Amino acid sequence: MTTIYSFQTAGRIIAGNDSLRELKNHLSILGDVKKAAIITTPFFETSSFIELIGEQLTGADISYEVLAEIQPEPTVGHIEDVFASLSGQSFDLLIGLGGGSALDAAKILSVMSTNDLPLRDLIGTDKVEKEGIPTILIPTTSGTGSEVTPNAIVTVPEAELKEGVVSRYLLPSLVILDPVLTLTLPPNITAATGMDAFTHSFESFISTKANPISDMFAMESMRLISRSIITACEEGSNLEARHDMLMGSAYGGMALTSAGTAAVHALAYPLGGKFHIPHGEANSMLLPHVTRVNLDAIQERMALIAKEIGVLTSREASSAEAAEALITQIEEWTKRLNIPQNLKVFGIKEEDVEDLATAASKVTRLLNNNPKELTIADMQGIYRKLLK
Ligand SMILES: NC(=O)c1ccc[n+]([C@@H]2O[C@H](COP(=O)([O-])OP(=O)(O)OC[C@H]3O[C@@H](n4cnc5c(N)ncnc54)[C@H](O)[C@@H]3O)[C@@H](O)[C@H]2O)c1
Ligand SMILES: [Fe+2]
């Protein structure tokens, strides 16, 4: 736990069922906007949500275009191509609608519009020199928390790794958290993105940078997600569960903005970059194993989580028992949510372990937040546990 800490988030957040209808009442905070681009994935191109956003923009005399071509887990080249197609059109507002992929794309396109630098030069921490054009972010998955984080992740194919653009200029002016938009999310994506969100909060809570503000968001996030993740996956039309998941993931984003994620995310990066394992599934598989390695450093904090989310069978449980009960709960979720427990399913073999651990060891931005220093041998051991 650190003693000096900071917290930053989006300019304004509107939340609640059907809150997308309220967009028109908040457009004035963006200043004099004339032309917007809605950045989304093909799935939403013909959706009623685009229509609803469009009507409200038109009502405020803002013209708009829809760019529904964002690919999942976008690469540097893909974002550069989309940027080229935007150029010369003088947009002064970007609206990201979708999962983390669409939101991250909108965030990056915003700062590329004002910083005369290629995307590769923006990768890293605080490389963005100028504020971007204003953004509105509207998440449709409950996972990344990207709508409230200063991070945007891009896939760098030649390095077989994902990298982050990290800058306060990526924080949006406005966020709309409307659970209705998440009702169509299929069970497998609900599961993977939900476990990603839980991992954000869990890692923020045990991070070396954990602090009273991040703890508050992390704990509430874990409480909401743990009570609703199974219902949201198995009964997708349950709006209450969808509400819990969306708020839980936004709170996770707020927690990680302040405290950072740690070794689970560091080890997940090469699994996504090289083997294209969905980010949330990679985190979900790694979480119990990384936690076992971290355990002696985090047992008391684990016990606090176990108590809050109600996984203890007896009030007198010791911290060690509580921590074990929490790990068992995480493993049970993974099984029930049909997330694979083994990297072999993704074509990974023993001979890949060395390269995976070497790649993970380079993600020092996140490993520095881990409560214990992990050696290359520790990391290889964790990957091997997932190859048995
Ligand atoms: N910026 C951050 O802070 C941050 C944090 C974690 C991860 N990420 C990044 O975010 C990306 C992953 O985002 P994600 O997990 O939200 O998935 P995603 O955005 O890649 O979406 C996954 C799929 O779900 C579809 N989809 C989205 N919403 C839907 C809905 N409501 N109904 C039906 N289908 C829907 C999308 O069209 C897409 O095909 C990765 O690139 C990851 O690295 C960013
Ligand atoms: Fe994540």
Side-chain angles (χ1 to χ4, degrees), residues 9-10 20 39-45 47-50 68-76 78-79 96-108 135 137-156 161-167 170-172 175 178-204 221 232 236-237 242 245-246 249-250 252-257 260-273 276-284 286-287 363 365-366:
T9 195
L20 184 58
I39 311 290
T40 189
T41 49
F43 179 82
F44 287 103
E45 184 157 25
S47 80
S48 60
F49 304 128
I50 299 267
E69 58 190 67
I70 302 300
Q71 294 162 1
E73 325 239 341
T75 60
V76 171
H78 175 56
I79 294 189
L97 171 76
S101 299
L103 304 190
D104 284 1
K107 289 159 83 172
I108 294 174
T135 54
L137 300 181
I138 310 172
T140 64
T141 61
S142 296
T144 67
S146 170
E147 65 278 8
V148 291
T149 72
N151 314 332
I153 312 293
V154 281
T155 304
V156 186
L161 203 65
K162 287 182 159 197
E163 296 210 65
V165 179
V166 182
S167 163
L170 295 183
L171 284 167
V175 171
D178 185 346
V180 172
L181 275 63
T182 66
L183 288 172
T184 49
L185 203 57
N188 61 331
I189 305 182
T190 305
T193 53
M195 285 307 292
D196 182 28
F198 185 87
T199 309
H200 293 159
S201 298
F202 182 92
E203 291 209 283
S204 298
S221 162
S237 59
R242 295 292 194 181
M245 295 303 291
L246 188 61
S249 61
M254 292 176 194
L256 81 84
T257 297
T261 57
V264 176
H265 270 74
L267 272 79
Y269 270 154
L271 296 178
H276 311 290
I277 300 181
H279 176 72
E281 291 191 10
N283 281 331
S284 191
L286 286 163
L287 183 55
V363 192
R365 172 173 76 87
L366 305 183

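Every number for a ligand or one of its atoms is a count from 1 in the order of the listing. Source: prediction; values computed, not measured.
- The protein atom (non-hydrogen) at minimum distance from atom 18 (P) of ligand 1 is S101 OG, 3.4 Å.
- Within ligand 1, the atoms closer than 4.0 Å to a non-hydrogen atom of G99 are 16 (O), 19 (O), numbered from 1 in the order shown.
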Next item on the list: With side-chain contact (heavy atoms from CB on, under 4.5 Å) as the test, would you mind laying out the steps for N151 and L256 before giving the verdict?
Entry: CA-CA 10 Å; N151 314 332; L256 81 84; 3.6 Å; yes

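- For atom 43 (O) of ligand 1, the nearest protein heavy atom (residue, atom name, distance) is K162 NZ, 2.9 Å.
- In this structure, L97 and T140 have side chains that are in contact, with non-hydrogen atoms separated by less than 4.5 Å.
- Within ligand 1, counting atoms from 1 as listed, the ones closer than 4.0 Å to a heavy atom of S146 are 1 (N), 2 (C), 3 (O).
- Contacts with ligand 1 closer than 4.0 Å are made by heavy atoms of both the backbone and the side chain of T144.
- At a 3.5 angstrom cut-off on N or O pairs, D104 counts as close to ligand 1.
- Around the Fe ion (ligand 2), the angle linking H279 (NE2) with H265 (NE2) is 100°, rounded to 10 degrees.
- Residue-level check: among N/O/S atoms of D196, OD1 sits closest to the Fe ion (ligand 2).
- Considering all non-hydrogen atoms of both residues, A192 and E281 come closest at CB-CG, 3.8 Å.
- At a 4.0 Å heavy-atom cut-off, ligand 1 touches T140 through backbone and side chain alike.
- Taking only nitrogen or oxygen atoms, main chain and side chain alike, F44 does not reach within less than 3.5 Å of ligand 1.
- Minimum interatomic distance between T257 and T149 (heavy atoms only, all atoms of both residues): OG1-CA, 3.5 Å.
- Nearest protein heavy-atom neighbour of atom 38 (C) of ligand 1: P72 CG, 4.4 Å.
- In terms of polar-atom proximity, defined here as any N/O pair under 3.5 Å, T182 makes no such contact with ligand 1.
- Looking at every heavy atom in both residues, T141 comes nearest to G99 through OG1-CA, 3.4 Å.
- Those atoms of ligand 1 with a heavy atom of I189 less than 4.0 angstrom away are 23 (C), 24 (O).
- Across all non-hydrogen atoms, the minimal contact from G280 to M195 is O-CB, 4.3 Å.
- Taking CG of N283 as the start and OG1 of T193 as the end, the distance is 11.5 Å to the nearest 0.5 Å.
- Nearest protein heavy-atom neighbour of atom 14 (P) of ligand 1: G100 N, 3.5 Å.
- The distance criterion of under 3.5 Å between nitrogen or oxygen atoms is met by T184 with respect to ligand 1.
- Protein heavy atom nearest atom 36 (C) of ligand 1, with residue, atom name and distance: T41 OG1, 4.1 Å.
- Between the NE2 atom of H279 and the CG atom of D196 there is a distance of 3.5 Å, given to the nearest 0.5 Å.
- Rounding to the nearest 0.5 Å gives a distance of 10.0 Å between NE2 of H265 and CG of L287.
- At the shortest separation from atom 3 (O) of ligand 1 among protein heavy atoms lies T149 OG1, 2.8 Å.
- At under 3.5 Å, not a single nitrogen or oxygen of H200, backbone or side chain, sits near a nitrogen or oxygen of ligand 1.
- Heavy atoms of L181 found under 4.0 angstrom from ligand 1 belong exclusively to the backbone.
- Checked against R242 for a side-chain contact (heavy atoms from CB on, under 4.5 Å), the options L181, V180, D178, L183 give a single hit: L183.
- The parts of L185 lying near ligand 1 are both backbone and side chain, judged by heavy-atom distances below 4.0 Å.
- By the side chain to side chain donor-acceptor pair (under 3.5 Å) test, S201 pairs with S221, sequence neighbours left out.
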Would V166 and R365 count as a side-chain contact (heavy atoms from CB on, under 4.5 Å) here? Give the steps.
CA-CA 11 Å; V166 182; R365 172 173 76 87; 4.0 Å; yes

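- Residue I108 holds its CD1 atom at 12.0 Å from OG1 of T135, rounded to the nearest 0.5 Å.
- A pairwise comparison of heavy atoms in I70 and A105 identifies CD1-CB, 3.7 Å as the closest pair.
- Residue N151 has at least one heavy-atom neighbour below 4.0 Å for each of these atoms of ligand 1: 1 (N), 2 (C), 3 (O).
- Per-residue contacts place F43 under 4.0 angstrom from the following atoms of ligand 1 (heavy atoms of the residue considered): 32 (N), 33 (C), 34 (N), 37 (O).
- Polar contact with ligand 1: absent for T193 (N/O pair, distance under 3.5 Å).
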